[in-house]
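Taking it in order: structure first as C-alpha cells, then the write-up.
Naming convention: chains lettered A, B, ... in sequence-line order (proteins, then strands); numbering from 1 in each chain.
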Amino acid sequence: MLAAIAWRNVWRNRRRTLIAAASVFTAMVLSLFMLSMKQGSLYQMIAAGVNQVGNLQIHDTGYWENKSLDRAFFEHGQFNPVFKSIPEITRVVPHLQTFSLASYGKQTKGIVISGIDPRLEDQQSGLSRKIIDGHYLSGRDEVLIGELMATYLKMNVGDSIVLLGQGYRGITAYGIYKVAGIFNLPSREMNSNLLYMGLKDAQDFVYPYEKGLLTGYSIYLKDGTQEMPIKKQLEKQLGKKYEIISWRTILSDMLQTISVGKISNQVFVLILYLIAAFGIFSTVLMMTIEKRKEYAIMIALGMQRGRLVWVSVVETIIVSIVGVLAALTVMVPLLTYMHFHPVQVSGEMAKIYVLYNLEPIMPFLASPELFLSQAAIILGLSFFSAVYPILYILKFNVLNAYRH
Amino acid sequence: MSIIKAEGIYKTYNETHVPVNALNGVDLQIEQGEFTAIVGPSGSGKTTLLNIIGGLDLPSKGNIFIEQTNLKDLSSKQLIDFRLHHIGFVFQAYNLIPVLTAKENTEFIMVLQKRPKKEREEKVKELLEAVGIGDKANHRPGQLSGGQQQRVAVARALASQPKYIIADEPTANLDSKSTHELLDLMADMNKKYQTTFIFATHDQRVMDKARRIVTLDDGKITSDETFDR
C-alpha cells in the first residue's frame, strides 16, 4: 500500500511530474548523445594509435627507459616459437630505431631512423598512402623522409642523403641513400625528424657484422581486451631479458590528452545533470511542501517517520525513472543505429581524418556501460534530491504542520 | 477503571516572545466506554488537552497516563507506535489520504499495524458497512461528500481497535443532516464496540449527545457534568 501511495502521489499533479521528467529526459538525451559521440571518437583515436604502435611491444629490458642502440638485441629465430604458441597474436612487426646526423649539401640535422619491414609496416599503418612525392620503399638503399625534413635539407625525390651516426657497440655508422619518397604525417615532429628505411638497410647501417639486430617488436592482438594476460604470458616465456610494454605506456601522452578531454566532457555533463537535479529537486520540494499536512496526519495516525521517508524517496525515484526510461527508449535505438551506421565525413575534413590514419567517419559508442552509467548517475542525483524531504520528514513538528 | 488519567497538566507555548499558558493544572479521568465532550470558548485549551490525551503533544508539567503507561516516558518512536495501537483520530477536516479509496483509507492503519490481509479485508468490509458506505468502498475522498468522508474517518479510527477515539470538532464542516447521522453513528459505535469517544466541540448537537461534558476555560476545568442518556 505504501508503494501505491507513492505511485499515486506522483501522478496527483501529472503536468508537474511530466515537466520534472522532461528535464531528466533532456539532460540524459544530450549527455548520452555527447558522450556517445566523444567516446566514439576517443575509441577511434585509441584504435588508430594502437594500430600504429601495436597492443604490446617487446624490447631488450631497459630500452623503454633509455632508448639507446646498446639496448638492441639480435633476432635469430628465438621469438618465432613463442609467437606461434600464442594464437591471439595476429601480427608481429619488427623495427630498429636509432639516431643519426643527416646531411645534404650544406645542410645537416639530427634525425631519427626507423628501420621497418616495408610490407608489414604498410599493411599495418598504411605508410604508402602518406607519400606525397615519389614512391614507397621498393628496393635496397632507399629512404623516405618527412616533408619538413626535405624542406630543411633542401632535398627532392631522387637526391642522395648522407647519414652519419653511432652504430651498435660503438662502431661508426654511415651510408648514402637515395630519397625514394617524401611523406606527410600528422605530427610536425615526425615530418621534421623521421626517416624510414628498410629493416635490412638499417641493420647494415648500424651493425653490418651480424644479421638480425632489432630494437623491438610491435605485437598486434586479435582481441585488445586480452592484452594483460598475453603480456604476462610473453613475460613468462621470454624471461627477464626482455621487457613487454603496453600501448598504454607507449601512448601515455595521448591518453593524458584524452583524459583531459574527458574531464571537460564530464564538466559539461555535470552541468546538464545539475539542471536535471534541480528539476527533480524543485518538484520534490513542491511535493513535500504541499503534503506537509498529509505527512502530519499519517504520523499522527501512527506511521513511523522512517516509513514516510521510504514513501518520499520512492516518489522521487519514480519521477526520475520516468525521465530515464523515456530517454533510454529514444537513445538506445538511435545511438545503436548510429554506432552501426556512423556519419560519413566528407571534403577537407575527410582528408584530415585520413592524414591522421583515421577512417573518415564520426563514430558513436553504444555500449550498455554508457547507458547504465548515465541512468545510475540520474538515480544517484534523485537520491541527492530526496535529501531535503528526508530531513524534513525526520525533523518536522507534526502539530505545527497540521495546524498550518 | 480509568483508561485516561491526566494529573496536574500544564502546557505553556513559548513560540512567541510572550509565553502562552494553554493549560493551567488540569486533572481529568476518563473511563472505558465514555462518550465525553470537552467544551469551552475558543482558546480555552480544548484542542491542547485533546492533543495531549491523544499523544500528539506532551505536557510542560504533569503526567498523562493511558492505563498504566505514562506518555511522558515514551520516546518519539514509541509514542507513534502507541498512537497506532491504542488511539483513533477523527479530524475536523476529515484528513483522509486523498490518493487512497475509502476502503484503502480504512485499511491503512491495519497495514501499518501489519495485520494479515484476510483479517484486514474482513474488518474493512464490516466497518464500511457499519458506517453506511459499503457501496462507496472504491471511491476516493474527492468523490465523497463531507459527511461520507467523515464516516470513512470514523471507520478508519475504529479499524485500529483503539482504546479510545479523539475527535476534534468532527462536525464543524458538516451540514445539520450529516452531523446528526455522524453523531448517531458514533454513538452506535460507542455502544457496539465499547470504544471511548472524546470530543472537543463547540457544537450544541454534540453536547446534546454526550453523556459527560467537561468545560474548560482559561486552561482550567470549570465544570464536569455527567448525563444519563
> Hey, what's the ring geometry for A/Phe364 with A/Phe33, parallel, tilted or perpendicular (30° and 60° as the breaks)?
Replying inline: tilted
> Honestly, is A/Arg305 close enough over A/Phe396, meaning NZ or CZ under 6.0 Å from the six-membered ring centre and within 45° of the axis?
Replying inline: yes
> Within residues 296-304 of chain A, which positions have a heavy-atom distance to chain B below 4.5 Å?
Replying inline: A/Ile297, A/Met298, A/Ile299, A/Ala300, A/Leu301, A/Gly302, A/Met303, A/Gln304
>> If I measure from the heavy atoms of chain A, does B/Phe82 come under 4.5 Å with its side chain, its backbone, both, or neither?
In response: neither
>> Please report the interatomic distance OG1(B/Thr201) to CD(B/Gln92), rounded to the nearest 0.5 Å.
In response: 9.5 Å
> In terms of heavy-atom proximity below 4.5 Å to chain A, should B/Leu100 be classed as side chain, backbone, both, or neither?
Replying inline: both
> Can you list the steps and then say if A/Thr225 with A/Asp223 is a side-chain hydrogen bond (donor to acceptor under 3.5 Å, both in side chains)?
Replying inline: CA-CA 5 Å; A/Thr225 60; A/Asp223 177 5; 2.7 Å; yes
> Does the distance from a Lys or Arg side-chain N to an Asp or Glu carboxylate O, for A/Arg248 and A/Glu227, drop under 4.0 Å?
Replying inline: yes
> What's the verdict on side-chain hydrogen bond (donor to acceptor under 3.5 Å, both in side chains) for B/Asn190 and B/Thr195, showing C-alpha distance, side-chain angles and the deciding distance?
Replying inline: CA-CA 5 Å; B/Asn190 170 248; B/Thr195 306; over 6 Å; no
>> Please determine whether the number of non-hydrogen atoms from other residues, nucleotides or ligands lying under 6.0 Å from atom CD of A/Gln256 exceeds 12.
In response: no
>> Taking the basic N atoms (NZ, or NE/NH1/NH2) and the acidic carboxylate oxygens, is any pair closer than 4.0 Å for B/Glu129 and B/Lys125?
In response: no
> How long is the span from the CH2 atom in A/Trp310 to the CD1 atom in A/Ile393, to the nearest 0.5 Å?
Replying inline: 12.5 Å
> Between B/Phe199 and B/Phe35, what is the ring plane arrangement, given parallel below 30°, perpendicular above 60°, and tilted in between?
Replying inline: perpendicular
>> Need one label for B/Ile97: side chain, backbone, both or neither, based on atoms under 4.5 Å from any heavy atom in chain A.
In response: side chain
>> Applying a heavy-atom distance below 4.5 Å, give me the residues of residues 147-169 of chain B that approach chain A, sorted by number.
In response: B/Arg156
> How are the rings of B/Phe91 and B/Phe89 set to each other: parallel, tilted or perpendicular (split at 30° and 60°)?
Replying inline: parallel
